[in-house]
2 protein chains.
Amino acid sequence: MAVTLADVAARAGVSSATVSRVLSGNYPVADATRNRVLRAVDELEYVVNGPASALAAASSDLLGILVNDIADPFFGIIASAVQGELEGRAYGGPVPQKLAVVCNTGGSPERELTYLTLLQRQRAAAVVLTGGAVEDPEHSAALATRLRRLAAGGTRIVLCGRPPLEDAATAREARRGTSKRTASSAPVRSQGAAGAVLTVAFDNRGGAHALTTHLLTLGHRHIGYVAGPAERTTTRHRLEGHRAALEAHGGLDADRAERLTVHGGGYDRSSGYEGTRELLRRAPETTAVLAANDTVALGVCAALREMGLRVPQDVSVAGFDDLPFSADASPALTTVRLPLHEAGARAGQLALGTLPPPQDGMAAMGHELVVRASTAPPRAGG
Amino acid sequence: MAVTLADVAARAGVSSATVSRVLSGNYPVADATRNRVLRAVDELEYVVNGPASALAAASSDLLGILVNDIADPFFGIIASAVQGELEGRAYGGPVPQKLAVVCNTGGSPERELTYLTLLQRQRAAAVVLTGGAVEDPEHSAALATRLRRLAAGGTRIVLCGRPPLEDAATAREARRGTSKRTASSAPVRSQGAAGAVLTVAFDNRGGAHALTTHLLTLGHRHIGYVAGPAERTTTRHRLEGHRAALEAHGGLDADRAERLTVHGGGYDRSSGYEGTRELLRRAPETTAVLAANDTVALGVCAALREMGLRVPQDVSVAGFDDLPFSADASPALTTVRLPLHEAGARAGQLALGTLPPPQDGMAAMGHELVVRASTAPPRAGG
DNA sequence: CGCGGCGCAGTAAGCGCTTTCTACACTCAC
DNA sequence: GTGAGTGTAGAAAGCGCTTACTGCGCCGCG
């Protein structure tokens, strides 16, 4: 039924090997022959059989991207940037040659594992994992093992916006108060060597630090934090940055910090809404709220508005990420801009191998404090 | 190197055919044998070779989604919904079994064609095309032909948020003033039959009609339209709805309507910004602006604000789509809600064949006028 | 004039799976 | 007791491509 290489070969009067060589372009073919083949391809409207080609060549031109939620612009922007790198790498033209498989994991480690298997089944050339990892000893260990094995097997693995594998292991131990390492738990090296798991990291600590410092400088002393889910690395890192800033600015009252921190169930608007109600119930003296991210900040603002509090006159609000809508929100959000597009592009290049991997296997991205209308000095000076 | 079916078979003491049957589950296998095979699979950590399986079975478990821009929540939401349908269809569990290949076409018909070829090469089981089509006779004819051929070849094709193939042809003729059809240009039937191109359509005309009527009812008489690119069906349909409403409400001055319509280069914020400046230059009497969509509306508001005009006191603004951020914009946008998630889910079901195709091959989705703070009566009564 | 080398192109052996066809017990019904 | 029927599993033929390996002219050099 379908046109095959042999059909093209017959029409061009050559062998199928020659046709294959013309199409893959990695073997010298005389110009006259090439033209004949190309014409036959055109005339027959031949389309390569990808699976057959992948089987024979033991590699496919599929690249997987794992995201928490593709409907969230945070991930949409990263995915889009990764995709952008899949183009123009063609032998002979600025045409996309690889296909991106986008997988919604909803942030669940099980789903990540499942999709990893599916991607492995497809013999994907590379996999980019985005979004903070869940700090679940069981799953993250399983995930790390799988990733390392895949990487060792030749699949390029890039973590984008999640901590390097080692860090996760280290963190886990740190949380358990076990700083010494047994031989068996010594993390496998994930350095820049071939087959390594590469990382493109955001500076969540630094960003939260900058934001908190900004609020402190404005004069705020009662800064609430409507954080993301407690088990996510991103949440932890941002909280760490926040607390480090508090500490640097005249000591940190751990109990108070604890009371002023509310963990949401997710990174969505309603988490911000619910979280804010809880926060203000616990600590009505709050004059500023740091949100887990911009989307959450929208929910924070909505809740405050509903409670009759004005932003920023009564309460300042800050987001994180600087998504496109943040500048147009009401009021425009003070936030930290993460170079999402750049990070995605970098991850894509690393995944394709068009960018040499960094020395230590990790590329750190910067951040930028963006001050807009949602933050202002507290009303009564604190 | 990699574990193959034969390895599993050897370990389980059966033939590779049996292993294949156990894994595909579409052939009776004795329980004892099945368990032995399953154990071997586990022990060897066997992962099916997708390409090999696709080659032999002449079908893959890949589904393509063509979007203009995955970073745009409009498409992100649809893509996410389509993906949601790919799960839980498994023989034996609620596990994703199909993979979604998301392709950014940037709205370019050439890129659509390119990606279609890539997807065809992968032997994708289905392809969902989203976003308005470009009304370019050359490309859209080529695209229609390709789609019909693919559909006839067994690939399920679903158009989501773009007009059915026939409509495009009809529209093209209508625009050329050719209402009679020659035999050769008679559109192939795209009805509910097997191999047909299915459609999930939004009611762009109806939505724009409702929005315009809303503004007219408020008392506006100088309603500008910052539309999308002129060559897109979505733009045309929304404009048609707009003008129909004007007409229904006391006649339409064609010249004036023309003057009050500005076409942006895209559906992004800056198109709204630029378009508004142009519009107000042409027609300073404007008291209300309809935007191509919510993102454009954000740009419209920004431009107005910059010109010292308040929304909605001086100028009312309305968007389209009701994306998540619209309710939190400044001011909250009056808009038309399109059931993006539902449409995506429907498209996904149609693509998977889990939903019987509608009679005429087309499922029409509704819309809902959402009145928020960005529209109000004009200051001086019109 | 002969031969190594080179540039192209053909031959054919798989890649790992699915699936048809075949084979081998068994179980029943007569 | 035999033959048909049934349930289960194996053998083997591809699926359409890639890629050694082989082969054939032809050039240039000795």
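Below, chain A is the first sequence line, B the second, and so on; all start at residue 1.
- Of the residues near DNA chain C, B:V48 and B:Y27, the one whose nearest nucleotide (by heavy atom distance) lies more toward the 5' end is B:V48.
- Every side-chain contact (heavy atoms from CB on, under 4.5 Å) that A:A9 has, sequence neighbours left out, goes to A:V14, A:S16, A:V19.
- With sequence neighbours left out, A:T130 forms a side chain to side chain donor-acceptor pair (under 3.5 Å) with no residue at all.
- With hydrogens and angles disregarded, no donor-acceptor distance shorter than 3.5 Å links the side chain of A:N35 to the backbone of A:A32.
- Within residues 35-46 of chain B, no residue approaches DNA chain D, by heavy-atom distance under 4.0 Å.
- Taking a 4.0 Å limit (strictly below) on heavy-atom distances, residues 8-21 of chain A reaches DNA chain D at A:A17, A:S20, A:R21.
- Under the rule for a side-chain contact (heavy atoms from CB on, under 4.5 Å), the partners of B:S108 that lie at least two apart in sequence or sit in another chain are B:E110, B:R111.
- Taking B:D31 as the reference, B:R34 meet the side chain to side chain donor-acceptor pair (under 3.5 Å) condition, with sequence neighbours excluded.
- Sorted by residue number, the members of residues 49-61 of chain A with any non-hydrogen atom under 4.0 Å from DNA chain C read A:L55, A:A56.
- Remark: B:E87 does not engage B:K98 in a salt bridge, criterion side-chain N to carboxylate O under 4.0 Å.
- The side chain to side chain contact (heavy atoms under 4.5 Å, CB included) test with A:L86 is passed by exactly one of A:D61, A:L63, A:L99: A:L63.
- Remark: B:D69 pairs with A:S80, B:A71, B:D72, B:N104 by the side-chain contact (heavy atoms from CB on, under 4.5 Å) rule, at least two apart or across chains.
- Residues passing the salt bridge (charged side-chain N to carboxylate O under 4.0 Å, His left out) test with B:R146, sequence neighbours excluded: none.
- Every side-chain contact (heavy atoms from CB on, under 4.5 Å) that A:A343 has, sequence neighbours left out, goes to A:C160, A:V200, A:F202, A:M365.
- Chain A approaches DNA chain C within less than 4.0 angstrom (heavy atoms of the protein), and the contacting nucleotides run 5' to 3' from C:dC8 to C:dG16.
- Across its full length, the helix from C:dC1-D:dG30 to C:dC30-D:dG1 shows an angle of 50° between the axes of its 5 terminal pairs at either end, rounded to 10 degrees.
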